[in-house]
There are 2 protein chains.
Amino acid sequence: MDAMNDPSARLLTLLSLLQTPREWPGSELAERLGVSPRTVRRDVDRLRELGYPVEATMGAAGGYRLAAGTAMPPLLLDDEETVAIAVGLSTVAGNPVNGIEEASLRALAKLEQVLPSRLRHRVGAFRAAAVSMLTGNGPGADPSVLAVTAGAAAASERLRFAYRTRDGDETRRLVEPHRLVLAGRRWYLLAYDNERQDWRIFRVDRMTDVRPTGVRVPPREPPGGDAAAFVTGKMYSLAPTYEVLATVRLPAAQAAERLGAAPGEVQPIDEESCRLRGHADTLEWLASRLLLLGCEFQVHEPPELRAHLRTIAARALRATDDASERGGAAAAG
Amino acid sequence: MDAMNDPSARLLTLLSLLQTPREWPGSELAERLGVSPRTVRRDVDRLRELGYPVEATMGAAGGYRLAAGTAMPPLLLDDEETVAIAVGLSTVAGNPVNGIEEASLRALAKLEQVLPSRLRHRVGAFRAAAVSMLTGNGPGADPSVLAVTAGAAAASERLRFAYRTRDGDETRRLVEPHRLVLAGRRWYLLAYDNERQDWRIFRVDRMTDVRPTGVRVPPREPPGGDAAAFVTGKMYSLAPTYEVLATVRLPAAQAAERLGAAPGEVQPIDEESCRLRGHADTLEWLASRLLLLGCEFQVHEPPELRAHLRTIAARALRATDDASERGGAAAAG
DNA sequence: GCCATATAGGTCAGATCCCGGCCTACATGG
DNA sequence: CCATGTAGGCCGGGATCTGACCTATATGGC
């Protein structure tokens, strides 16, 4: 199969074998690699010298296996594992709520760059199901759009895409991407618009048909220097959001834990309740998060959220109403 | 730093450089690798012969970059990307709803096997936040328990762990793990209990302090042959679940899409409503899923779910009740 | 307690590969 | 048209790799 004469290729396949969570006797490795057992021992030595600790259990039932070291070894994945990782990263990057969004985006860009095309559509299929499932069918940004954009920004490549403005118009853009910024629950792209000759901010979930042009340009300095500040400053003009103020009957620590490092601040009121302040862009998201807290709470601030909670309450009551069960059309009003 | 005299190590770092989404001129690669440009060209050739298509753009502003080929190249990740991948896999494996659970579990086991300890606690910290955030704070199984168990099952290693029975008793077990099976929303371990000398099924979320013994045993044949059938057969005796029957005022296709490939069947009633049948183990999960559908629905079957929906409705109404806003203790009744 | 079987590693000789330096060919952008 | 990049052939000296010995040592089963 592979040319096992080449020590480098052999080391790679040896690594991939050792990453399987099982023990490999040296003789079997020798057979698989097509070399003598002595060479296998030498290769194992080489891996150890490279910093990848190959554990060996001695004795009659001995064997080799890869252990945790100080550096990550190169991951050698099969098709399904690759798809799983791509989908997993999509759920984290496409619905970011914790604090590793940028890293997951980098990893996703790195992965998409080398993803075989035969796996690409499988990833897409799973992604739709998984993301909508895990995130509560939010209208988040397409992870592959995110990945391509992040890659172009890192490579300083011009980017071409279609952008749907707030009014629903479709426009085509040619930009020099600078940085992706996460604000609230949405990704924004800070980029220099080549046609309009000015800096613009784009909502990534409104970008489609994204394709790198391949043209590299020297990176441009954004105005103000700090991309995040620039974006958050202009964000509210792009997407109207709701300011939330609520009282939650839960200790501040517990509330923060259940909410995750999500939007907003949590301030303790007393030992068993706290004040929640933050902003989000959809009422459904807010309502479901509050209800999933599993405790009593009061919503003070956005009247729309109060109205929406009443809507949900009414719907939940109708769902348990025996009267509407008989005549299906009764729920029309 | 690295011994760049070794061609194997050099190829690895070259791969890691090329995985960065940018273009690398050959001269810079030569400098970084500490070899002559001619050797870089030879190394690039070698990568291509190994099946990793290194794209090169010719001309004055040329350079090398790694493109998508037919096989996945070994992924070389930095710390943050590794953590992001581990967290992403945890959200998919620890809250499985789509159909790549087994693959994500394999990938997670592979990754945890070689995860440097310094990254381990960072993964743990993010995991708690991310999983509870994305899954709606379900009491799912600990992903690292899942990963260790999957690894032991793959390696045919005996496993020792503490198990909390339904009555709340803690027992210590020594088993030969056979397979992990996903049933409904929970992971189950089918294993041969060495002390009780019989096959047993364990809920993974009740396993703690899991540690492989390192003792390898020849794999045993499970009773019926098919692990999944065996588990689903005994599942209901382990965890009491709720049978759901509901009518949803949404076309069947849309309902299926919003519910994902989750548990249950969706049967169309007419063009704008359908019947939903399935089972799940927590009322919170069921209620939130139904409410997130964003449409009218009626719950027929589990009386507990009807009661829970009324509870939620009452809580939502109290949250918008101005009277209870003044006196905090008024919500006690 | 012994033996089979595993890892661990030293040594040697021959074949092979690797590397840098030099050369020419070719594509591209200013 | 020229500077600058990739592409690749050729050559010679030196380093490396491999298999085939060998011994030491740890472990589990009989």
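Chain A is the first sequence line, chain B the second, and so forth, proteins listed ahead of strands; every chain is numbered from 1.
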* Asked: Has B:R10 got a side-chain N or O lying under 4.0 Å from the OP1 or OP2 atom of C:dC18?
  -> no
* List the atom of A:L77, the atom of B:M72, and the distance in Å for their closest heavy-atom pair. => O-CB, 4.4 Å
* When the distance from CD of A:E31 to P of C:dA6 is rounded to whole Å, what number comes out? -> 13 Å
* **Distance in angstrom units between A:L33 CG and D:dG19 P, rounded** => 11 Å
* **Gap between atoms CG and C1', on A:L11 and D:dC17 respectively (whole Å)** => 12 Å
* Proximal nucleotide (of C:dA8, D:dA7, D:dC17) relative to the B:M58 side chain -> D:dA7
* Asked: Looking at C:dA8, C:dG20, D:dA7, which one has an atom nearest to any side-chain atom of A:Y64?
  -> C:dA8
* To do: Could you tell me whether B:R42 and B:E49 have a side-chain N and a carboxylate O separated by less than 4.0 Å?
  => no
* Asked: Start at the 5' end of DNA chain D and walk down; is the nucleotide closest to B:R48 or to A:R38 reached first?
  -> B:R48
* Side-chain N,O (B:S36) to OP1/OP2 (C:dC19) below 4.0 Å -> no
* Round to a whole Å and report the spacing from CG of B:D45 to P of D:dA7. => 8 Å
* Asked: Of B:D43 and A:W24, whose nearest nucleotide on DNA chain C comes first from the 5' end?
  -> A:W24
* Asked: Are B:R164 and B:E170 within salt-bridge range, i.e. N to O under 4.0 Å?
  -> no
* Structure fact -> In whole angstroms, the gap separating P of C:dC19 from CZ of B:R41 amounts to 14 Å
* So which of B:R160, B:R172, B:R173 actually passes salt bridge (Lys or Arg N to Asp or Glu O under 4.0 Å) with B:D209? -> B:R172
* Asked: Starting at CG of B:L47 and ending at P of D:dG8, how long is that distance when rounded to a whole Å?
  -> 14 Å
* Determine, step by step, whether B:Y192 and B:W199 satisfy the ring-ring contact (aromatic ring centres under 6.0 Å, His included) criterion, reporting the C-alpha distance in whole Å, the side-chain angles of both residues, the deciding distance to 0.1 Å, and the verdict. => CA-CA 4 Å; B:Y192 184 85; B:W199 289 88; 5.7 Å; yes
* Check if the side chain of A:R42 and the base of D:dG19 share a donor-acceptor pair of N or O atoms closer than 3.5 Å. => yes
* A:R65 CZ to C:dT7 P: how many Å, rounded? -> 14 Å
* To do: Let me know the distance between CD of A:E28 and P of C:dA6, rounded to the nearest Å.
  => 11 Å
